[in-house]
Amino acid sequence: MAASNATPGYGAVLKRGATTIAEVVSITGPGVSRDTIEKTHLTSDGMAREFIPGLIDGGDVTVELNFLPDDTTQALIFSDMISTTVTSVEQAYTIQLTDATPQTIAMNLIPTAWEPSAPFDDKLSLSVTFKVSGAVAIG
């Protein structure tokens, strides 16, 4: 049996511009998908529907963090969340992975949900959901 080349998630970081966001616990996404556009016509072969590729949607990115209320890097996300200036809301983010290179996933993100949690028997945590705006680049 061949040995696995799996890479651990430990060590991956989320960056807003050049700033590393503190104490990220997990990152999910982006969930890239593509629309399809139907091109079927009355004489399509085999009476089968036909499609062409449509627009790509970068989906969402969800980040779980150890919530640090006084941390300036986490405060940047909330600042983007409540900004009323369009150019301030959408920011360039990068997920830096842990492979040998390391690979990055770069995209513009808009925060759409910011939800802290303070359970009586656990740590402060923060869940943030972002919407991808534009293309996702892996490199």
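Fair warning: this is a prediction, and the values are worked out from it, not measured in the lab.
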Residues that T101 engages under side-chain contact (heavy atoms from CB on, under 4.5 Å), provided they are two or more places apart =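 For T101 the side-chain contact (heavy atoms from CB on, under 4.5 Å) partners, ignoring immediate neighbours, are D99.
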Report the residues that fulfil salt bridge (Lys or Arg N to Asp or Glu O under 4.0 Å) with [X], sequence neighbours left out, ordered by chain and then residue number.
| X | answer |
| --- | --- |
| D60 | none |
| K15 | none |
| R34 | none |

Treating Ile, Leu, Val, Met, Phe, Trp and Tyr as nodes and any side-chain heavy-atom pair under 4.5 angstrom as an edge, say whether [X] and [Y] lie in one connected cluster.
| X | Y | answer |
| --- | --- | --- |
| M81 | V89 | no |
| I95 | V32 | yes |
| F67 | I77 | yes |
| V128 | L68 | no |

Shortest non-hydrogen contact from [X] to [Y]?
| X | Y | result |
| --- | --- | --- |
| E64 | S127 | OE2-OG, 3.0 Å |
| L124 | A118 | CD2-CB, 3.4 Å |
| P30 | V136 | CG-CG1, 4.0 Å |

Report all side-chain donor-acceptor pairs from residues 104-117 shorter than 3.5 Å, counting only partners two or more places apart or in another chain.
| residue | atom | partner | partner atom | Å |
| --- | --- | --- | --- | --- |
| T104 | OG1 | G139 | O | 3.3 |
| N108 | ND2 | E90 | OE2 | 3.1 |
| T112 | OG1 | T129 | O | 3.2 |

Are there more than 12 heavy atoms of other residues, nucleotides or ligands under 6.0 Å from atom CG of D45?
-> no
Residue pairs, two or more places apart or on separate chains, that pass ring pair (Phe, Tyr, Trp, His ring centres under 6.0 Å) and touch residues 82-113 | Y93-F130
Sequence neighbours excluded, every pair satisfying ring pair (Phe, Tyr, Trp, His ring centres under 6.0 Å) that has a member inside residues 10-43 | none
Exercise answer: donor-acceptor pairs, residues 47-55 side-chain atoms, under 3.5 Å, sequence neighbours excluded:
| residue | atom | partner | partner atom | Å |
| --- | --- | --- | --- | --- |
| R49 | NH1 | E38 | OE1 | 3.3 |
| R49 | NH1 | E38 | OE2 | 2.7 |
| E50 | OE1 | S44 | OG | 2.7 |

Keeping to residues at least two apart or across chains, list the side-chain hydrogen bond (donor to acceptor under 3.5 Å, both in side chains) pairs with something in residues 71-82.
->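 Passing the test, one end in residues 71-82: R16-D80, D71-T73.
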Co-members of F120 in a cluster of I, L, V, M, F, W and Y side chains, linked at under 4.5 Å =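 Members besides F120: none; it forms no cluster.
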Using the side-chain contact (heavy atoms from CB on, under 4.5 Å) rule, take T7 and L97 through it: C-alpha gap first, then chi angles, then the decisive distance, then the call.
-> CA-CA 9 Å; T7 302; L97 302 174; over 6 Å; no
Report the distance from atom OG1 of T94 to atom CG of L14, rounding to the nearest 0.5 Å.
->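 One gets 8.0 Å once the value is rounded to the nearest 0.5 Å.
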Please collect all salt bridge (Lys or Arg N to Asp or Glu O under 4.0 Å) contacts where either partner lies in residues 103-113, sequence neighbours excluded, each pair once.
->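 Every candidate salt bridge (Lys or Arg N to Asp or Glu O under 4.0 Å) pair involving residues 103-113 fails, so no pair, neighbours aside, qualifies.
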Run the side-chain donor-acceptor check on residues 19-29: report pairs under 3.5 Å with partners two or more places apart or on a different chain.
| residue | atom | partner | partner atom | Å |
| --- | --- | --- | --- | --- |
| E23 | OE1 | N66 | ND2 | 3.0 |

